[in-house]
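Given the structure is predicted, the values throughout are model-derived calculations rather than measurements.
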Amino acid sequence: PPCDCPPPPPAAVCPEPPPPPACPELPPPEPPQQCPPPPACPKPAPARTGEIDGKAIIGEVEFLTLQPGNLRLEARIDTGATTSSLHAEEIVNFERDGTRWVRFKTGPGRDGERVEMELPRERRVRIKGEGEETQERPVVMVEVSLDGHRRRIEVSLNNRGNYEYPLLIGRNFLRDNAIVDVARRHI
């Protein structure tokens with residue numbers, strides 16, 4: 001049977017879109033602006049020669065001055081030793097005005113002779129060296145200086161005649177005072 005439906009509407013035809021507008025002619029791009037270099041930071045004040053953070057740079061062997069006596073002695077620097085040790089011969093303990101003292105000879109001094117010293121004894125320590133029996137040694141206070149770095153430290157007295165150096169400097173002088181460069185000597 002024939003359809004009583006009205007005919008479909010004609011298909012809609014969309015008009016052509018308008019062409020895009022033409023881009024205006026742009027001038028060539030400018031080169032990027034260069035930022036000025038950052039301001040230079042001030043350099044820290046240079047440390048004195050042979051210092052880092054106020055600590056002396058020292059070698060494994062150095063000349064130090066010991067007071068009293070104004071002795072200039074060559075010393076072995078030993079970061080493994082807790083305390084320092086000074087060569088001493090003819091050690092005699094005695095009492096003066098109720099205080100314990102020690103008399104000993106050390107050196108050689110500036111004239112090449114041994115120097116006799118008398119100092120109050122601070123205490124006694126027991127030291128056991130490798131392969132040695134325990135020794136009891138007197139301990140005295142001395143002032144040690146190296147290139148302007150001074151420190152009052154305890155040193156144990158010991159006959160170091162079998163050692164190459166009359167003075168062994170341990171951590172009680174080195175701590176917060178020096179940095180050791182073991183590849184160098186007499187810096």
Side-chain angles (χ1 to χ4, degrees), residues 47-130 132-187:
R48 287 191 315 153
T49 302
E51 283 192 3
I52 295 177
D53 294 332
K55 298 175 186 170
I57 298 173
I58 62 176
E60 69 170 341
V61 176
E62 293 292 344
F63 284 101
L64 290 97
T65 303
L66 187 118
Q67 299 293 347
N70 199 29
L71 295 174
R72 186 168 189 261
L73 300 173
E74 193 171 28
R76 166 82 164 88
I77 310 301
D78 186 352
T79 60
T82 304
T83 57
S84 301
S85 179
L86 175 64
H87 173 70
E89 297 175 356
E90 301 176 33
I91 299 170
V92 176
N93 292 290
F94 66 99
E95 193 171 300
R96 178 181 290 162
D97 299 325
T99 305
R100 294 182 178 143
W101 284 63
V102 181
R103 177 182 305 117
F104 59 96
K105 289 187 179 178
T106 191
R110 293 184 189 270
D111 60 1
E113 296 293 316
R114 299 255 179 244
V115 175
E116 184 172 280
M117 293 186 166
E118 290 184 356
L119 296 171
R121 188 179 84 195
E122 298 295 319
R123 62 190 176 103
R124 294 184 73 76
V125 293
R126 292 183 198 274
I127 305 288
K128 179 160 180 17
E130 191 174 321
E132 297 176 1
E133 292 195 22
T134 301
Q135 296 177 338
E136 194 169 274
R137 300 179 187 170
V139 175
V140 296
M141 293 291 289
V142 295
E143 182 181 278
V144 176
S145 61
L146 169 68
D147 192 30
H149 292 265
R150 284 177 195 211
R151 184 162 280 174
R152 193 161 164 74
I153 61 169
E154 288 186 336
V155 293
S156 65
L157 302 178
N158 179 40
N159 187 330
R160 296 182 52 84
N162 292 333
Y163 294 95
E164 190 172 351
Y165 304 103
L167 181 59
L168 178 122
I169 293 294
R171 292 191 307 266
N172 62 337
F173 176 82
L174 301 172
R175 184 175 291 112
D176 299 324
N177 204 29
I179 297 171
V180 182
D181 181 346
V182 295
R184 298 173 68 190
R185 304 172 119 208
H186 305 119
I187 295 178

Taking the side chain as every heavy atom from C-beta outward, state whether R137 and V125 have any atom pair closer than 4.5 Å. yes
Tell me whether F63 at atom CZ has more than 12 heavy atoms from other residues, nucleotides or ligands lying less than 6.0 Å away. yes
Between E154 and R123, does at least one N-O distance fall below 4.0 Å, as a salt bridge requires? yes
Provide the closest heavy-atom pair for R150 versus S145 in the form atom of the first, atom of the second, distance. CG-CB, 3.4 Å
Using a 4.5 Å cut-off on heavy atoms from C-beta on, say whether the side chain of L86 contacts that of L73. yes
Does G170 offer a backbone N or O that forms a donor-acceptor pair with the side chain of S84 under 3.5 Å? yes
From CA spacing to verdict: salt bridge (charged side-chain N to carboxylate O under 4.0 Å, His left out), R96, E118: CA-CA 10 Å; R96 178 181 290 162; E118 290 184 356; 2.4 Å; yes
Taking all non-hydrogen atoms of both residues, which atom of H149 and which atom of G54 are closest, and how far apart? CE1-O, 3.1 Å
Between R185 and E60, is the salt bridge (charged side-chain N to carboxylate O under 4.0 Å, His left out) condition met? List the steps. CA-CA 6 Å; R185 304 172 119 208; E60 69 170 341; 3.6 Å; yes
Before giving the answer on salt bridge (charged side-chain N to carboxylate O under 4.0 Å, His left out), spell out for E164 and R76 the whole-Å C-alpha distance, their side-chain angles and the decisive distance to 0.1 Å. CA-CA 8 Å; E164 190 172 351; R76 166 82 164 88; over 6 Å; no
Between E136 and R126, does a salt bridge (charged side-chain N to carboxylate O under 4.0 Å, His left out) hold up when you go through it step by step? CA-CA 4 Å; E136 194 169 274; R126 292 183 198 274; 3.4 Å; yes
Determine the sole option in V144, T83, N177 for which the side-chain contact (heavy atoms from CB on, under 4.5 Å) test with N172 is passed. T83
